[in-house]
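Read through the structure below, which is laid out as structure tokens, and then see the notes.
Reminder, nothing fancy here: chain letters follow the sequence lines and each chain counts from 1.
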Amino acid sequence: MIEQPVRFLDRARAKLGTEGVATVGVAARRLAGMREAAFAEFPDGEAMRDRARAIRLRTLRQLDEHLAAFADAVAARGGHVHWATDGNEANAIVAAIASNHDVATAVKSKSMVTEEIELNEALEHHGVHVVETDLGEFIVQLAGDRPSHIIAPVLHKTRYEIGELFAAELGVDYTADPTELNAVARHHLRSVFLRADMGISGVNFAVAETGSVCLVTNEGNGRLATTAPRIHVAVMGMERIVPTVADLGVMLEVLGRSATGQRLSVYTNIVTGPRRPGDPDGPDEFHVVILDNGRSGVLAGSSAEILACIRCGACLNVCPVYREAGGHAYGDVYSGPVGAVLTPALRGMDDWHDLPYASSLCGACKDACPIRIDIPELLLDLRAKATSAGHDDRWLRRGLSAYAAAATHPAVFRAMLRAGGMAGALGREGWIAKLPGKGGSWTDSRDLPKPAREPFYQWWKRNRGT
Amino acid sequence: MDRPTVQLFVTCLVNGFFPAVGVATVEVLERAGVDVVFPEDQTCCGQPAFNAGFHDQARAMFRQTVAVLDATDGPIVLPSGSCAAMIVHHGPALMADDADMSARAQAVAARTHELSSFLVDEMGLEDVGGGCAGRVAYHPSCHGLRNLGLDHQPQRLLDAAGVDRVEVEGATECCGFGGLFSVEMPDVSAAMLATKLDNLEVSGADIVVGGDVSCLMHIGGGLRRRGSPIAIKHVAEVLAEGRP
């Protein structure tokens, strides 16, 4: 279960300065550097981003039509489409498919949307043994942890911690060598793949014209999980649609580069329907679960642009707040700048109104986003919604109201500056090291300059006044 | 030929805390051949309230700003990328429900320029004099860099002034100020600041120079707390210095 939300600041405080979060900072900077290098050697990069943005926004505007076309195309290829209003419905659908086919073991390819609906827990509850097969997700599952990054779930763990985890949980000798750790997981997972009855995947993109789902991975586990078991269930958020295969090509041009600096991820699978007569492999049944879970509401509101996100993680990697606080501070599956918008948009402001404030509005996310989603603008909009709903710091409201009252009366404003100047003239000119009350939030970590003895307007009057 | 005249919007923070930056701005502009007018009833553009989500308070302050500036003529110049971005981008959007104010806000926005952009982009200047002893780390403030595209104008002016600029690791990374973010998320802000200060100390800089006193106040406050000898200066102060 998702823990009861506390405030972002409290969760961040628990992580700041720890070894785990230092790992996040280093890894996020490395990923951001790889993205920059990939676009530096891609002359069409900026134009491709424009095309990708145009496709995403155009698709969202006619999402109902594209979804209907996609569902028809899946059915025409012999697949089954299921519509789920929320996570519980989606989980029940997958559980029913598992039950109808006597599924004992399911293997999973990495998927954020199944994290969002907590599918693993639901299936385990129905007696299905679920095994994550993405190396990062495998580690998360083994540790009883949660992903801290959209594409790199264990960005917060060092290889030494993973070595200890494997030794404790898998009964192997301790090693911190990444190749050896990888071999341990591969050996363990191979037998699970072979006995699994069901493969569960997410969907990077769903192509409306062909009814295909595209899966992008670097480990090949997505390919194995969707071809070896008898049944493949793909779970997708309803916004994952691209209209055509040509549109998919544009998305793939920017996704790999933005996520990991790769021109193309190592494995790009395009799955179209179940195994056909004569096919050497593939599942007997192919199911797609299309999930709403709040997305229709987001689409109709002022945060709709966030649904254009393609889950590359670039905004996390460049975000100075994410780099210092790590993904768990965001409290839900989607972390970083996109999470600060998406979580309150999907799950409501009552529990998540502080997330839009987990940003200095520096704008690095918008610069890095392959779709150029204006995340700072979306955060500002959510902040206005938070204060309108009464979710605000009373100190802040009073302070800003008082300041606004002064600032709308120039004579009062000048008197305030003069009063500040008189206060500043007390003691030695310079900086304040300690303030009481709320002011301590500043002076706990930095000095504050004193108000100037002579405000600028007085200097002007004295030197340039007529 | 008549000297051009600009309206100086000095920003509330310069007015109350960093008047020397306002004085330097006047000197730089006058030396560049421009007459400066200071509309006395200016207060605050409303950005702190706007960024914190308090649109009513922000709207009241922005309306005051538009009323004062719309009554003047000619370019409006600010020694701040952040406040300039508020007047150019966010302020007019806040007025969308009021046709008259919206038009006036857009007229004001069209006349508004950040100082370095005004000198380089509008006046076509690069060498406006100035100078500074010691090694300088230029800190590009986020709003100027990303909302106004100030990615070379300040550097050109500083280079023409003969400033010895050093490179800083993660130079374009936010210092963690973020307006009220610094007091609403103080620990996160402080961690971001610590990263910035580490990089500044490693750079070997003697002075941090920037175009926004807000970020400089944050960086400077952090440097003082550390007991660091690194000083802070606004771009205008460097340009106003010494060599005319």
Side-chain angles (χ1 to χ4, degrees), chain A residues 8-9 12-13 16-17 25 29 320-321 323-325 356-364 366-367 380 382-388 392-393 396-397 400-401 403-404 406-408 410 413 417 420-421 431 433 438 441-442 444-452 454-457 459-461 464, chain B residues 10 12 14-19 22-23 26 36 38 40-44 46 48-55 57-58 60-61 63-64 68 90 142-143 145-147 170 172-174 176-193 195 217-218 220-222 224-225:
Chain A
F8 174 88
L9 182 59
R13 272 180 177 141
L16 290 170
R29 282 181 176 82
V321 173
R323 286 171 173 181
E324 300 294 346
Y357 290 88
S359 165
S360 66
L361 301 175
C362 78
K366 181 187 175 188
D367 270 9
L380 283 164
L382 286 172
R383 290 179 183 191
K385 287 192 164 59
T387 62
S388 302
D392 57 51
D393 182 333
L396 206 55
R397 181 179 288 278
L400 285 168
S401 296
Y403 190 63
T408 45
F413 190 79
L417 293 180
W431 297 70
K438 187 79 184 176
S441 295
W442 179 281
D444 281 350
S445 52
R446 52 236 139 165
D447 289 1
L448 185 73
K450 284 185 180 174
E454 183 183 59
F456 177 81
Y457 88 88
W459 177 90
W460 179 270
K461 203 177 266 177
R464 297 288 191 281
Chain B
V10 80
C12 59
V14 164
N15 204 344
F17 286 81
F18 298 93
V23 175
V26 172
V36 180
F38 176 73
E40 199 194 29
D41 282 350
Q42 62 181 268
T43 58
C44 168
F50 177 73
N51 283 358
F54 292 90
H55 283 195
Q57 290 83 345
M61 290 188 262
R63 198 175 281 127
Q64 164 73 18
V68 169
H90 290 125
C142 300
H143 291 172
L145 177 67
R146 300 201 179 87
N147 293 348
T172 58
E173 218 176 280
C174 177
F177 173 63
L180 291 162
F181 172 80
S182 60
V183 288
E184 289 296 292
M185 298 277 174
D187 308 70
V188 183
S189 167
M192 290 159 70
L193 177 61
T195 299
M217 173 176 81
H218 190 235
R224 273 190 59 87
R225 179 59 56 89

So what's closer than 4.5 Å to chain B heavy atoms on A/Leu361: side chain, backbone, both or neither? both
Within a strict 4.5 Å, meaning less than it, do heavy atoms of the B/Phe181 and A/Val321 side chains meet? yes
Cut-off 4.5 Å, heavy atoms of chain B, and the answer for A/Asp367 is side chain
Shortest non-hydrogen separation from A/Pro449 to B/Phe18 and the atoms involved: CG-CZ, 3.8 Å
Heavy atoms only, distances under 4.5 angstrom: which of B/Ala190, B/Gly46, B/Gly22, B/Gly221 has the most pairs with chain A? Name it, please. B/Gly221
When the ring planes of A/Trp442 and B/His218 are compared, do they come out parallel, tilted or perpendicular, using 30° and 60° as the limits? perpendicular
Would a 4.5 Å heavy-atom cut-off, applied to side chains only, mark A/Phe8 and B/Val188 as touching? yes
Measure distances from B/His90 to the heavy atoms of chain A and classify the residue's part below 4.5 Å as side chain, backbone, both or neither. side chain
Can you find a pair of side-chain heavy atoms, one from B/Met185 and one from A/Ser360, that are under 4.5 Å apart? no
Holding to side chain to side chain contact (heavy atoms under 4.5 Å, CB included), I want the full list of residues that pass it with B/Val23, two or more places apart in sequence or in another chain. A/Phe456, A/Trp459, B/Glu27
Tell me, do A/Arg446 and B/Ser189 make a side-chain contact under 4.5 Å, heavy atoms counted? yes
Proximity breakdown for A/Phe413 and chain B, heavy-atom pairs closer than 4.5 Å: side chain
Chain B heavy atoms under 4.5 Å from A/Ser388: which part of the residue, side chain, backbone, both or neither? neither
Side chain, backbone, both or neither: which part of A/Arg397 has a heavy atom under 4.5 Å from chain B? both
When you compare the side chain of A/Cys362 with that of B/Met192, does any pair of heavy atoms fall below 4.5 Å? no
Between A/Arg29 and B/Glu173, does at least one N-O distance fall below 4.0 Å, as a salt bridge requires? yes
A/Lys461 portion near chain B, given a 4.5 angstrom heavy-atom threshold: side chain
If I take atom CG from residue B/Asn15 and atom CG from residue A/Leu417, how far apart are they, to the nearest 0.5 angstrom? 5.0 Å
Measure distances from B/Leu145 to the heavy atoms of chain A and classify the residue's part below 4.5 Å as side chain, backbone, both or neither. neither
Report the option among B/Val14, B/Val68, B/Val36 that has the most heavy-atom pairs separated by less than 4.5 Å from atoms of chain A. B/Val36
Hey, is the main chain of B/Gly222 close enough, under 3.5 Å, to the side chain of A/Asp447 for a donor-acceptor pair? no
d(A/Glu324 CD, B/Thr195 OG1) to nearest 0.5 Å is 3.5 Å
Report the option among A/Leu380, A/Leu16, A/Leu382 that has the most heavy-atom pairs separated by less than 4.5 Å from atoms of chain B. A/Leu380
Side chain, backbone, both or neither of A/Ala12 within contact of chain B (heavy atoms, under 4.5 Å): side chain
A/Lys385 atom NZ, over 12 foreign heavy atoms within 6.0 Å: yes
With a 4.5 Å cut-off on side-chain heavy atoms, are B/Thr43 and A/Thr408 touching? no
Option in B/Pro48, B/Ala52, B/Gly220, B/Ala60 with maximal non-hydrogen atom pairs under 4.5 Å from chain A: B/Ala52
Non-hydrogen atoms of B/Gln64 and A/Ala407 that approach each other most closely: CG-O, 3.3 Å
Give the intermediate values and the outcome of salt bridge (charged side-chain N to carboxylate O under 4.0 Å, His left out) for residues A/Lys438 and B/Glu184. CA-CA 9 Å; A/Lys438 187 79 184 176; B/Glu184 289 296 292; 3.1 Å; yes
Mind checking what makes side chain to side chain contact (heavy atoms under 4.5 Å, CB included) contact with B/Ala49, not counting sequence neighbours? A/Leu400, B/Phe54, B/Gln57, B/Ala58, B/Met61
Proximity breakdown for B/Arg146 and chain A, heavy-atom pairs closer than 4.5 Å: side chain
Closest contact, heavy atoms only, B/Pro186 versus A/Arg13: CG-NH2, 4.2 Å
Among A/Ala358, A/Ala364, A/Ala325, the residue with the most heavy-atom pairs under 4.5 Å to chain B is A/Ala364
Just so I understand: if I count every heavy-atom pair under 4.5 Å between each of A/Ser359, A/Pro356, A/Gly25, A/Gly17 and chain B, which residue has the most? A/Ser359
What's the shortest heavy-atom distance between B/Met217 and A/Trp431, and which atoms? O-CZ3, 3.9 Å
For a 4.5 angstrom cut-off between non-hydrogen side-chain atoms, does B/Cys44 reach A/Tyr403? yes
